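Encoded as structure tokens, the structure appears first; notes follow it.
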2 protein chains.
Amino acid sequence: MSITIRDVAQAAGVSTATVSRALRGLPHVDPETRERVRRVAAEMDYVVSPSASRLASGRTGTVAVITPFIDRWFFSTVLSGISDVLQESDVDLLVYEVGDPATSPGLPAERRLRGRVDGVIVVTLPTDAPRIADLLEIGLPASFIGVRWPGVPSVCIDDAAAARMATQHLINLGHERVGILSGRPQASTSQAARARGYTEAMKGAGLEPEEAAYGYFTVAGGESAMTSLLSQPRPPTAVFAMSDDMAFGAIRALQRHGIRPGVDIAIASIDGHDLSELLDLTTVGQPVEQMGRMAAHALLDRMLGRDNPDAGDPDAGEIAVPTTLVVRGSTVPVERTTSLG
Amino acid sequence: MSITIRDVAQAAGVSTATVSRALRGLPHVDPETRERVRRVAAEMDYVVSPSASRLASGRTGTVAVITPFIDRWFFSTVLSGISDVLQESDVDLLVYEVGDPATSPGLPAERRLRGRVDGVIVVTLPTDAPRIADLLEIGLPASFIGVRWPGVPSVCIDDAAAARMATQHLINLGHERVGILSGRPQASTSQAARARGYTEAMKGAGLEPEEAAYGYFTVAGGESAMTSLLSQPRPPTAVFAMSDDMAFGAIRALQRHGIRPGVDIAIASIDGHDLSELLDLTTVGQPVEQMGRMAAHALLDRMLGRDNPDAGDPDAGEIAVPTTLVVRGSTVPVERTTSLG
DNA sequence: GGGTTGTCTGTAAGCGATTGCGGCAATGCC
DNA sequence: GGCATTGCCGCAATCGCTTACAGACAACCC
């Protein structure tokens with residue numbers, strides 16, 4: 001029923017081997033023959049059977065992206081960047097949504113990936129996910145986003161620097177009690193780095209770091225974390241949130257308490273979320289889509305073996321991307337804020 | 001190097017046929033034999049070669065989702081719902097991001113899908129996309145979200161009703177000049193239905209529908225559309241936006257002009273976006289993730305041939321999902337708004 | 001003119017599963 | 001006891017392509 005390479009070969013008066021070579025642009029085919037094969041194939045509306053091609057060649061032309069979520073801004077934006085690059089190279093994108101690593105089994109077993117894809121991109125999971133090692137063991141080319149791993153291209157921002165930048169900005173505005181909205185108790189390396197950046201900035205200014213309130217990187221979490229900060233005897237005059245989503249939640253909490261961000265309290269965070277501008281939120285922006293693109297490119301390079309193995313470099317593979325502080329109305333000098341204490 | 005079904009067969013002392021049947025739970029295998037094969041396979045860490053299995057069986061165990069975007073709330077949320085359902089059934093999810101149908105080539109050619117997937121889910125594209133017909137022609141099971149198509153399971157909200165609901169709500173509050181933020185001039189059916197709902201509500205109340213301002217379903221578009229509405233001689237006292245994103249943009253525009261939504265002007269929209277609560281936006285919510293789930297289920301039913309063919313029903317396949325008006329602070333009675341005229 | 005290249009093409013052996021068909025016991029039935 | 005079932009299992013033919021290998025032929029160089 002479906003037409004095969006044999007039909008094309010017959011119609012073009014050549015062997016299947018020649019059809020295969022002609023259609024894939026391999027050398028050792030007479031230009032004239034190639035053209036004829038192409039024409040015949042087009043006329044017959046022939047398309048290569050991916051299954052057969054995979055089985056015979058061992059290549060799948062597919063990349064898997066493993067991500068905790070797809071319906072959150074950061075992840076969907078990364079995905080979009082990846083998708084863009086992959087599509088340009090005619091590589092298919094397989095998505096595995098694995099949920100919050102803290103509560104779900106995490107990565108799909110490497111058994112799931114084996115033979116199914118040519119490479120894998122893993123997006124921000126705690127490095128302690130044990131299965132990552134399995135993934136690499138089967139020799140699958142990989143690239144990571146948001147998690148460093150020796151020998152694997154890892155697209156990361158300098159989390160500590162970003163947190164320091166945001167915190168320092170608040171400190172520069174005169175704030176001395178700067179609260180912090182963190183993710184969860186047992187931290188990913190990325191979260192730990194942000195915590196470090198905050199602490200460094202505070203200590204560097206001779207200030208006492210506050211105890212973290214946990215917002216689990218969600219809007220709802222940010223809201224309740226902020227609420228708990230507000231219930232303290234002497235609430236902070238400024239807050240650093242590890243993510244825009246948590247900052248959004250915090251703003252919500254503030255609204256409920258009749259406290260105006262950018263007037264009564266200052267707030268800054270990390271992400272550069274699409275809607276941060278809308279909420280007039282000061283944030284340390286990261287080029288999220290770009291990060292997806294870079295990870296995809298790095299992976300493709302690996303897969304095609306055209307990456308320059310910078311051997312000897314211990315940090316080989318780490319791809320640092322810059323962050324920029326975007327100052328908006330949510331951060332005001334301390335003297336303009338109303339004392340909440 | 002990699003271990004195959006033959007290795008397992010040999011180790012278990014049976015034929016490859018039996019291994020295949022045993023591992024896939026097919027009948028005609030002695031329970032004891034099956035158990036032994038299972039154990040041996042597990043010990044050897046055997047995994048079926050997907051490529052070989054596909055070629056031999058003709059099934060891919062994969063579904064493609066074709067979506068204009070993945071980094072926008074609606075689409076990523078739908079995707080997440082789909083992903084959930086598919087994962088439960090051990091079906092792989094292939095994502096094709098095709099961009100704005102108005103400006104990009106649109107659907108990937110059916111040639112791309114042929115033999116690559118067992119089914120396809122198409123998310124909200126204008127029905128006039130000619131390639132949809134091609135897709136169905138090759139007999140690929142399909143299901144749609146946001147676009148009705150005869151004979152194909154189509155998960156849709158009642159767009160007209162949703163728009164009517166939002167508009168009516170504004171009218172009930174006493175507004176007589178209700179502006180409308182629409183998508184783009186040449187409409188998708190879904191957009192056209194929303195326009196119709198708005199017009200019906202207005203005319204039903206004896207009011208004159210306003211001319212649409214185009215916001216292209218984006219935040220930035222909504223902002224400039226709202227700005228243009230504000231530059232009219234007598235701006236509306238209320239605005240209906242076809243999507244939350246455009247409403248967000250509109251709010252931004254209002255902020256820039258020093259106009260307070262929910263105080264000086266009323267605004268309502270459609271979506272039920274995650275952050276609509278944060279912005280205190282009245283919106284007609286749709287169960288977006290649920291819609292993804294339903295489309296996925298419908299597709300799986302089709303693929304397994306276990307859908308009940310409700311033959312004779314002309315609307316067969318249309319799956320209507322309910323919407324609910326969520327009233328928030330952005331909609332106030334007209335008498336409380338400041339006249340802007 | 002014989003050997004060496006080099007270009008183009010065909011032959012055929014895989015790739016690793018799935019599955020129709022037939023064989024062979026063990027069982028059931030008259 | 002003979003014969004039809006039934007339940008398990010193996011044989012071997014596919015599935016449609018890729019690719020090592022080799023053959024044919026032309027061009028080139030001494």
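Only this structure's heavy atoms are used, side chains among them; waters, hydrogens and symmetry mates stay out. Computed from a prediction, not measured in an experiment: that's the story for all the values here.
- A distance of 6.5 Å separates OG1 in A:T62 from CG in A:D118, rounded to the nearest 0.5 Å.
- Within 4.0 Å (heavy atoms only), B:G115 reaches no atom of the nucleic acid at all.
- Between A:D30 and A:R21, no side-chain nitrogen of the basic residue sits less than 4.0 Å from a carboxylate oxygen of the acidic one, so the salt-bridge criterion is not met.
- Taking CG of A:L304 as the start and OG of A:S89 as the end, the distance is 7.5 Å to the nearest 0.5 Å.
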Query raised in the report: What's the verdict on side chain to side chain contact (heavy atoms under 4.5 Å, CB included) for A:R148 and A:T189, showing C-alpha distance, side-chain angles and the deciding distance?
Result: CA-CA 9 Å; A:R148 268 164 262 267; A:T189 49; over 6 Å; no
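- Protein chain B touches strand DNA chain D; the 5'-most and 3'-most nucleotides with an atom under 4.0 angstrom of its non-hydrogen atoms are D:dC8 to D:dG16.
- One distance of note links CZ of A:F217 with CD of A:Q191; it measures 4.5 Å at 0.5 Å rounding.
- The distance from the CD atom of B:Q286 to the CZ atom of B:F74 is 5.0 Å, given to the nearest 0.5 Å.
- If you take OG on A:S190 and CD1 on A:I157, they are separated by 6.5 Å, rounding to the nearest 0.5 Å.
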Requested in this report: Sugar-phosphate atoms are those with a prime plus P, OP1 and OP2; base atoms are the rest. Using that split, label each nucleotide of nucleotides 11-25 of chain C B, S or - for protein heavy atoms under 4.0 Å, 5' to 3'.
Outcome: B--BBBBSBB-----
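- Atom CE of B:M294 and atom OG of B:S154 lie 11.5 Å apart (nearest 0.5 Å).
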